[in-house]
Amino acid sequence: MKLGIIGSGQLGLMMILEGKKLGVEFLVIDKSKDGPASRIADKAYDYEEFKDFVDSSDYVTYEFEHVDERVLNYAKEQEKLRPGLLAVELKRDRSREKTFLRENGLPVGEFEVAENADAAIKSAKEYGDAVIKSAFGGYDGKGQYLVKDGLLEDDLPEGKYVVEKFVKFDMEASVIGARDPKGNTAFFDSSLNVNYKGMLYYNAAPIEDSGMRDIVKSLMEKLSYVGVMGVEFFIKDGKPYINEFAPRVHNSGHHTILGSSISQFEQHVRAVCGIPLADPELYRPSGILNLVGISLDEKMRDKILLTPETQVYWYGKNGIRKRRKVGHINITAKTYVELLEKIKTLSSTVYGSELDNFFSY
Ligand code: AMP
């Protein structure tokens with residue numbers, strides 16, 4: 001079986017590391033052949049070779065939403081694309097994603113679609129506290145503008161926006177679900193997600209589900225979805241509201257590599273290749289600390305690994321800059337409280353008290 005992956009970042013890298021043991025071969029396509037996943041693939045392609053890439057793959061999946069149209073469309077035409085095109089199309093325009101969720105009766109916070117900057121500012125002022133999000137190309141807090149008490153802190157460039165009422169959430173959380181071609185579903189334990197400046201800083205599982213799994217199941221069914229999906233939630237007064245979904249393996253599921261009976265990456269490969277899904281069991285409380293914008297020397301790596309039950313994943317990206325995810329640490333512990341303590345200690349080992357230096361724009 002040959003699985004093609006569109007995109008060559010860390011998610012593809014970990015998919016290959018976890019999927020190879022099933023005997024699956026991996027083909028990777030991206031704009032160039034030097035990404036982390038391309039370097040360990042059985043064969044790497046660039047976008048000009050998209051037909052050959054699709055023709056050589058039994059199934060084609062993606063590890064990033066913002067990828068070349070030609071390869072997506074051709075893979076769809078050949079009936080090889082898993083998950084399908086709808087999920088990725090919804091992700092390319094945030095207003096379509098949010099509207100789809102609301103129209104399908106899934107819980108989302110209050111929002112309005114604004115066709116231009118003036119309309120966005122008007123809606124945001126009506127909400128008082130709001131987040132104006134660019135409809136196109138935004139992820140990890142990119143293209144987002146905060147409005148507080150009706151005041152916009154930055155200039156708003158012209159464009160189409162989604163204006164969301166600011167959710168005064170008690171916490172952020174996510175669920176990683178999987179659905180196979182026959183419609184069977186399976187779920188990982190939910191995790192607490194702590195974001196900093198719009199990016200995942202660390203996460204910790206398990207937490208109470210609060211109805212999130214049922215919502216993810218329903219979303220996957222409405223999309224006739226095949227593969228692993230990560231869904232981010234705001235939890236307010238015990239109720240979950242979807243912030244956004246990712247039609248792929250997700251940063252908040254990386255801890256499953258160490259703490260779970262199956263990783264999200266293997267589960268995704270199984271789902272898209274039609275290999276039986278596992279019902280994941282979290283063996284121990286587990287989480288990750290993201291490595292953002294730092295260069296990891298061997299001394300630092302070894303210092304991190306002195307903490308028991310940790311793993312370092314270094315993605316080998318070309319070029320380290322602020323707000324760039326360059327690796328993560330997997331951490332498990334006997335108890336959830338101990339897990340949070342370990343994460344805090346590791347965070348001060350890695351970032352000291354200078355978190356802002358690494359996560360700021
Ligand atoms: P996103 O890129 O949409 O996932 O947003 C990044 C982060 O910004 C989220 O994880 C939240 O921490 C914060 N955020 C986004 N939208 C809202 C909202 N409507 N209310 C409060 N915080 C938000």
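In each ligand, atom 1 is the first atom listed, and ligand 1 is the first ligand listed. This one's a predicted model, so the numbers in the text were calculated from it and none came from an experiment.
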Enumerate the atoms of ligand 1 whose separation from the nearest heavy atom of [X] is less than 4.0 angstrom.
X    : result
K165 : 19 (N)
E172 : 9 (C), 10 (O), 11 (C), 12 (O)
G198 : 6 (C), 7 (C)
E232 : 4 (O)
R94  : 2 (O), 3 (O)

Next item on the list: Compute the minimum heavy-atom distance from K133 to ligand 1 and say whether it is under 4.0 Å.
Entry: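 K133 counts as a contact of ligand 1 under the 4.0 Å cut-off.
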
Would you mind telling me if ligand 1 is within reach of the side chain of [X], the backbone, both or neither, using heavy atoms under 4.0 Å?
X    : value
N243 : side chain
V131 : side chain
M199 : neither

Between [X] and [Y], is any side-chain donor less than 3.5 angstrom from a side-chain acceptor?
X    : Y    : answer
N193 : S191 : yes
E172 : N195 : yes
S95  : K160 : yes

Item checked: Ion pair check, E48 and R70, cut-off under 4.0 Å ->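 Between R70 and E48 there is a salt bridge, with a charged N closer than 4.0 Å to a carboxylate O.
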
Notebook entry, point to check: For F169, is at least one N or O under 3.5 Å away from an N or O on ligand 1?
Noted result: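 There is no such contact.
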
Note to self: So does L277 get a backbone contact from the side chain of Q267, meaning a donor-acceptor N/O pair under 3.5 Å?
What the structure shows: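 Such a contact is absent between Q267 side chain and L277 backbone.
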
Check: Please, which pairs that meet salt bridge (Lys or Arg N to Asp or Glu O under 4.0 Å) have at least one residue in residues 97-107, sequence neighbours excluded?
Finding: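 Qualifying pairs: K91-E97, K98-E164.
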
Next item on the list: Please name all residues satisfying ring-ring contact (aromatic ring centres under 6.0 Å, His included) with F359, sequence neighbours left out, ordered by chain then number.
Entry: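 By the ring-ring contact (aromatic ring centres under 6.0 Å, His included) rule, F359 matches Y196, Y201, Y351.
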
